[in-house]
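See structure below.
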Amino acid sequence: MIKIITIIISFGCFFAFGQKRVRDSTAIESFKDKFIVKINLDSKTDFYTADGFGGGPDINLDSNYGSSLFLSLEFQIIGLSLGFSPSFLPGNSDEELRGESSFIDIQPRLAFQKWLIELRYSRITGYYVENTEDFIPDWEENVDPYILIPDLSNTTYGITISHIFNPNFSYKNLFYQTERQRKSAGSFVPTFQYSYNKFTFDLEDIPDDIKFRGDSSDLSLGIGYYYTWVIGDKWFVAPNVSPSAGVRFSKSTITLDGTTTEENITFFKTVLESGLQLGYASERVIFGIAFNYDIYGYEGEEGRFINNDKTYGLLYFGYRFNSPRFIARSYDKFAKTKFAKKMKL
């Protein structure tokens with residue numbers, strides 16, 4: 001896996017730097033004068049598998065929300081998304097057996113012509129032990145409640161910086177809808193990611209009382225390839241694959257049956273993200289569906305391994321509104337500044 005990722009990244013970088021950097025004015029249509037309002041229905045959930053404590057079975061932790069809702073606002077180079085998991089969505093019920101979970105996700109961003117800068121704050125509270133039968137022998141699925149960890153909290157702060165090499169490929173068409181791809185094109189997209197994660201939980205009688213407090217910092221570099229195949233005037237199909245590799249510096253404090261142990265572990269991180277999107281984009285209306293499969297692996301010292309795989313879908317709908325005149329005039333003045341010209345806004 002590591003060798004494959006290294007080869008793909010090296011191969012991608014070699015060809016990315018060789019791509020032409022002259023933009024075809026007919027390849028991409030810009031909607032700089034529009035506000036884009038979008039709603040996403042996302043089935044991505046949070047699931048973790050970790051080594052068992054004290055020689056016991058592995059612990060599979062899952063949150064009790066099957067889908068989340070994202071509201072997004074895009075204008076010019078600025079965007080903001082807010083995600084949450086209301087109880088009326090499919091898969092966000094059954095609290096008697098799986099307990100309650102809460103989810104919030106905030107993502108502000110700046111999307112220049114070639115550079116993307118995304119910030120993220122995410123917090124999930126309330127998990128259950130998905131493999132409860134490994135700890136309670138006479139437990140019955142769909143009858144008995146799972147082992148609940150209502151105070152388990154997973155908080156993430158992150159930043160992602162990406163660069164689009166091919167000026168005739170619109171990353172914004174796929175994710176922000178401030179542009180529309182008019183001619184089929186693809187591009188390598190190198191990405192740097194940093195995130196800080198805080199993970200805490202208390203378990204009782206599994207088989208002994210366990211308290212866990214963990215902090216980790218992740219650094220990774222990768223290169224994805226995205227392609228948009230334009231069908232007719234308004235439809236498109238867009239596959240992508242994004243391998244990356246990095247390190248996780250983890251510090252944890254584990255209290256097991258009254259005895260506290262501190263650990264500092266460095267994990268080698270490998271990630272393979274892939275997806276396929278089918279979309280429609282007219283002058284005003286935007287909608288589409290995407291399918292994604294992500295593989296996350298963290299291999300540490302003495303064979304310690306954490307796995308976090310995710311398969312999920314995404315359904316989105318948006319509309320482009322005319323921006324108020326005073327906002328458009330203010331942005332036009334900003335676009336004439338040296339900074340804006342340098343960034344090719």
Side-chain angles (χ1 to χ4, degrees), residues 1-6 8-10 12-13 42 44-51 58-63 68 81 83 103-110 115-125 127 152-163 175 188-201 212-225 240-254 262-275 292-312:
M1 181 67 176
I2 296 174
K3 291 183 179 179
I4 293 175
I5 289 179
T6 302
I8 292 175
I9 292 176
S10 300
C13 288
D42 195 334
K44 187 175 184 178
T45 59
D46 217 44
F47 181 84
Y48 294 92
T49 299
D51 291 341
D58 290 350
I59 300 175
N60 299 332
L61 300 175
D62 203 353
S63 55
S68 54
S81 296
F103 165 77
I104 186 171
D105 188 285
I106 302 173
Q107 298 183 44
R109 54 186 161 268
L110 293 173
W115 291 95
L116 303 173
I117 303 173
E118 298 176 294
L119 303 177
R120 185 188 182 197
Y121 166 80
S122 176
R123 182 178 176 85
I124 302 168
T125 302
Y127 286 72
L152 189 157
S153 177
N154 184 16
T155 305
T156 302
Y157 304 87
I159 181 172
T160 301
I161 301 174
S162 304
H163 180 75
F175 298 100
F188 288 98
V189 182
T191 299
F192 165 79
Q193 291 183 320
Y194 169 79
S195 65
Y196 169 76
N197 183 270
K198 187 174 183 179
F199 198 81
T200 65
F201 64 82
F212 179 86
R213 302 290 183 271
D215 297 272
S216 62
S217 295
D218 287 39
L219 291 166
S220 64
L221 289 171
I223 184 161
Y225 185 79
N240 70 83
V241 60
S242 302
S244 63
V247 292
R248 164 174 286 187
F249 303 101
S250 177
K251 179 181 180 180
S252 61
T253 301
I254 303 172
E262 292 187 357
E263 287 186 316
N264 290 280
I265 303 177
T266 299
F267 291 92
F268 182 79
K269 174 182 177 181
T270 55
V271 180
L272 181 62
E273 299 174 315
S274 59
N292 301 276
Y293 179 57
D294 302 342
I295 303 174
Y296 294 78
Y298 302 86
E299 185 174 357
E301 301 169 2
E302 299 179 357
R304 293 290 297 276
F305 187 82
I306 300 175
N307 184 64
N308 184 12
D309 297 350
K310 299 178 181 180
T311 302
Y312 58 98

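These numbers come from the heavy atoms of this one structure, side chains and all, not from hydrogens, waters or symmetry mates.
In terms of heavy atoms, F268 sits closest to G246 at CD1-O, 3.6 Å. Across all their heavy atoms, S122 and F103 have their closest contact at OG-CE1, 4.0 Å. Across all non-hydrogen atoms, the minimal contact from S244 to G222 is CB-CA, 3.5 Å.
The shortest side-chain heavy-atom distance between F199 and S216 does not fall under the 4.5 Å cut-off. Side-chain contact between E273 and Y296 is present, with at least one heavy-atom pair separated by less than 4.5 Å. Side-chain atoms of L272 and Y293, non-hydrogen and from C-beta on, never get closer than 4.5 Å to each other. At least one side-chain heavy atom of N154 sits under 4.5 Å from a side-chain heavy atom of Y127. Contact annotation: the side chain of W115 never approaches that of L110 to less than 4.5 Å [non-hydrogen atoms, C-beta and beyond]. When side chains are defined from C-beta on, Y194 does not count as touching I161, because their heavy atoms never get closer than 4.5 Å.
Rounding to the nearest 0.5 Å gives a distance of 5.0 Å between CZ of R213 and OG1 of T200. The CG atom of L221 sits 10.5 Å away from the NZ atom of K269 when rounded to the nearest 0.5 Å. Separation of atoms CG (D215) and CG (N197) is listed at 8.5 Å; rounding is to 0.5 Å. Of the inter-residue distances, the one linking L152 atom CG with I124 atom CD1 reads 9.5 Å to the nearest 0.5 angstrom. Here K198 contributes atom NZ and T156 contributes atom OG1; the two are 12.0 Å apart, rounded to the nearest 0.5 Å. To the nearest 0.5 Å, the span separating OG on S162 from CD on Q193 amounts to 7.0 Å.
A salt bridge links D218 with R248; the closest basic N to acidic carboxylate O contact falls under 4.0 Å.
Looking only at atom types and distance, the side chain of T160 has no donor-acceptor partner in the side chain of R109 under 3.5 Å away. Between the side chains of T155 and R123, at least one donor-acceptor pair of N or O atoms lies under 3.5 Å.
Surrounding OH of Y157 are at most 12 heavy atoms belonging to other residues, nucleotides or ligands under 6.0 Å away.
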